[in-house]
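Let me begin by presenting the structure, written as structure tokens, before commenting on it.
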Amino acid sequence: MIAVAVIIGTHMYQNSDELRPHRLLRQAEAKGYGFEENGSSWLKQWNHRCPLFLAGENRSVHNVIYAPYRDVEFAIFDYRFMYGEHTYNTSVLAFELKDKNMPRFSLWPRIMMPQHPVLEHEHDCVPLNLDGNNHASQMQNLYSLHTANEGSARLLFCPKAVEYLTAHPDFFVEGYGNRIILYQINKRRQPGAMEAMLHTGYQILRAMRLNDPRVNFEPDLDEDAVEAKEASVR
């Protein structure tokens, strides 16, 4: 029992707010990425036009990892806000694209929606039902899709994108203009899993033809395996 308690206590400490910035900094340095523990300036940059950044109150950004990645710019950061008496801690992956004019949209996995109405669509966004094959029908069952520009959104969610997203219903995806964010509400990822999140996010960009025009995909990274490898090195 003592050994189990020690193991649990060690794990909790390694993933605590106190040690987290150090672990994330080490991850960033190993990859040649930039890192900022205080993300106030990032909050001002991203805090508009996405439902996540309009949710709740007392919003803050911490532990920002950022860099160019292939043909885009990315940032992964801890985002915290209060909703009533609840505190939500979420890892957010944000991409800044080149010369894109995306319609404003939000794509939320129905099974991951929080019990409380934490997220709200903007008043000019309406539900979008996709027409097409079985993948489109399946996507309607898996996701809630809203947009402010129905015509452009239909082009964005092409058959290849729909096929990929129905096979990977893991992320909330929101976008507008040249920016897109991915997250899982109230899930803060371990430092060793950040690279896997970045990899998966890039595949979603590729499926939606927002960067690399190729439509072939790379295998998903196993987050648990990556985290276990990091733990063994520690």
Side-chain angles (χ1 to χ4, degrees), residues 28 33-36 38-56 59-81 88-109 112 118-126 128 143-158 160-162 164-165 168 170-185 187-189 194-195 197-213:
Y33 300 154
F35 178 80
E36 292 182 19
N38 186 328
S40 298
S41 62
W42 293 84
L43 180 61
K44 293 178 182 178
Q45 176 181 346
W46 288 97
N47 191 19
H48 60 101
R49 307 321 299 265
C50 284
L52 177 65
F53 297 138
L54 298 173
R59 309 174 189 111
S60 60
V61 169
H62 308 275
N63 303 323
V64 185
I65 297 174
Y66 61 93
Y69 184 79
R70 303 190 185 186
D71 51 350
V72 296
E73 300 278 340
F74 86 91
I76 297 180
F77 49 86
D78 295 337
Y79 177 62
R80 180 184 302 154
F81 66 92
Y88 288 80
N89 289 293
T90 304
S91 292
V92 179
L93 169 59
F95 286 111
E96 187 166 343
L97 311 172
K98 298 178 181 178
D99 303 323
K100 294 294 180 182
N101 188 24
M102 281 187 297
R104 190 150 37 89
F105 75 89
S106 58
L107 182 72
W108 298 341
M112 294 185 182
V118 176
L119 301 173
E120 295 183 5
H121 297 287
E122 292 190 75
H123 64 87
D124 59 341
C125 288
V126 297
L128 176 62
Y143 290 99
S144 168
L145 174 59
H146 285 65
T147 182
N149 189 323
E150 181 177 345
S152 297
R154 288 190 184 279
L155 295 176
L156 185 65
F157 291 95
C158 61
K160 180 61 71 171
V162 169
Y164 186 88
L165 289 165
H168 302 80
D170 304 320
F171 284 97
F172 291 73
V173 186
E174 299 171 5
Y176 64 93
N178 69 331
R179 292 178 173 173
I180 187 168
I181 66 169
L182 302 96
Y183 62 94
Q184 291 174 314
I185 190 72
K187 179 176 180 178
R188 194 171 69 171
R189 291 179 127 74
M194 294 299 185
E195 195 69 17
M197 184 180 185
L198 175 59
H199 176 88
T200 301
Y202 189 83
Q203 304 311 305
I204 292 176
L205 291 190
R206 180 173 289 180
M208 299 174 73
R209 298 178 300 179
L210 290 173
N211 51 345
D212 192 326

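None of these values were measured; they are calculated from a predicted model. Positions are given from 1, in the same order as the sequence printed here.
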Checklist entry - Can you tell me if Asn178 uses its side chain to pair, donor with acceptor, with the backbone of Glu96 under 3.5 Å? => result no

Can the ring centroids of Phe95 and Tyr69 be said to lie less than 6.0 angstrom from one another?
no

- Message: A side-chain contact here means heavy atoms from C-beta on lying under 4.5 Å apart; do Glu36 and Tyr66 qualify?
- Response: yes

Heavy atoms, side chains only, cut-off 4.5 Å: are Leu43 and Phe77 in contact?
no

The reported gap from OH in Tyr143 to CZ in Phe157 (rounded to nearest 0.5 angstrom) is 9.0 Å

Shortest non-hydrogen pair, Ala161 vs Leu156, comes out as CB-O, 4.0 Å

Checklist entry - Is there side-chain contact between Asn63 and Phe35, with heavy atoms separated by less than 4.5 Å? => result yes

Taken to the nearest 0.5 Å, the spacing of Lys160 NZ from Leu165 CG works out to 12.0 Å

All heavy atoms of Asn149 vs all of Pro103, minimum pair found to be CB-CB, 3.7 Å

Quick check against the 3.5 Å criterion: does Thr147 have a side-chain atom that pairs as donor or acceptor with the backbone of Arg104? yes

Between the CD1 atom in Ile185 and the OG atom in Ser91, the distance rounded to the nearest 0.5 Å is 11.5 Å

Kindly indicate whether the side chain of Leu205, heavy atoms from C-beta on, has any atom under 4.5 Å from the side chain of Leu97.
yes

Quiz prompt | Glu195 versus Tyr33, side-chain donor and acceptor atoms under 3.5 Å | solution = yes

Residues Ala207 and Cys158: closest non-hydrogen pair is O-SG, 3.9 Å

message: I'd like to know whether Met197 forms a side-chain contact (heavy atoms from CB on, under 4.5 Å) with Phe171, so could you lay out the CA-CA distance, the side-chain angles of the two residues, the decisive distance to 0.1 Å, and finally the verdict.
response: CA-CA 10 Å; Met197 184 180 185; Phe171 284 97; 4.0 Å; yes

Notebook entry, point to check: Can you find a heavy atom in the side chain of Cys50 that is under 4.5 Å from one in the side chain of Arg179?
Noted result: no

Correct closest heavy-atom pair for His121 and Ser144 would be NE2-OG, 3.9 Å

With side chains defined as the heavy atoms from C-beta onward, is the minimum distance between Ile204 and His168 less than 4.5 Å? no

**Message:** Can you confirm whether His146 sits close enough to Trp108 that some side-chain heavy atom of one is under 4.5 Å from a side-chain heavy atom of the other?
**Reply:** no

- Task: Indicate, with yes or no, if the rings of Phe53 and Tyr79 have centres closer together than 6.0 Å.
- Result: yes

Here the gap from Thr90 atom OG1 to Lys187 atom NZ, rounded to the nearest 0.5 Å, amounts to 11.0 Å

**Message:** Taking the side chain as everything from C-beta on, heavy atoms only, tell me whether Phe172 gets closer than 4.5 Å to Ile181.
**Reply:** no

Taken to the nearest 0.5 Å, the spacing of His62 NE2 from Ser40 OG works out to 7.5 Å

For this session: Using modelled atom types only, decide if a donor and an acceptor are shared between the side chain of Gln184 and the backbone of Asp170 within a distance under 3.5 Å.
Result: yes

Heavy atoms of Phe81 and Leu52 approach each other most closely as CE2-CD1, 4.0 Å

d(Leu198 CG, Arg189 CZ) to nearest 0.5 Å is 11.0 Å

Legend entry - Donor-acceptor pair between Tyr202 and Asp71 side chains, under 3.5 angstrom: yes

Worked check of side-chain contact (heavy atoms from CB on, under 4.5 Å) between Tyr164 and Met208:
CA-CA 9 Å; Tyr164 186 88; Met208 299 174 73; over 6 Å; no

| Quick check: does any side chain N or O of Arg59 sit under 3.5 Å from a backbone N or O of Leu54, one acting as donor and the other as acceptor? | yes

On a heavy-atom basis, the closest approach of Val118 and Ala55 is O-CB, 3.6 Å

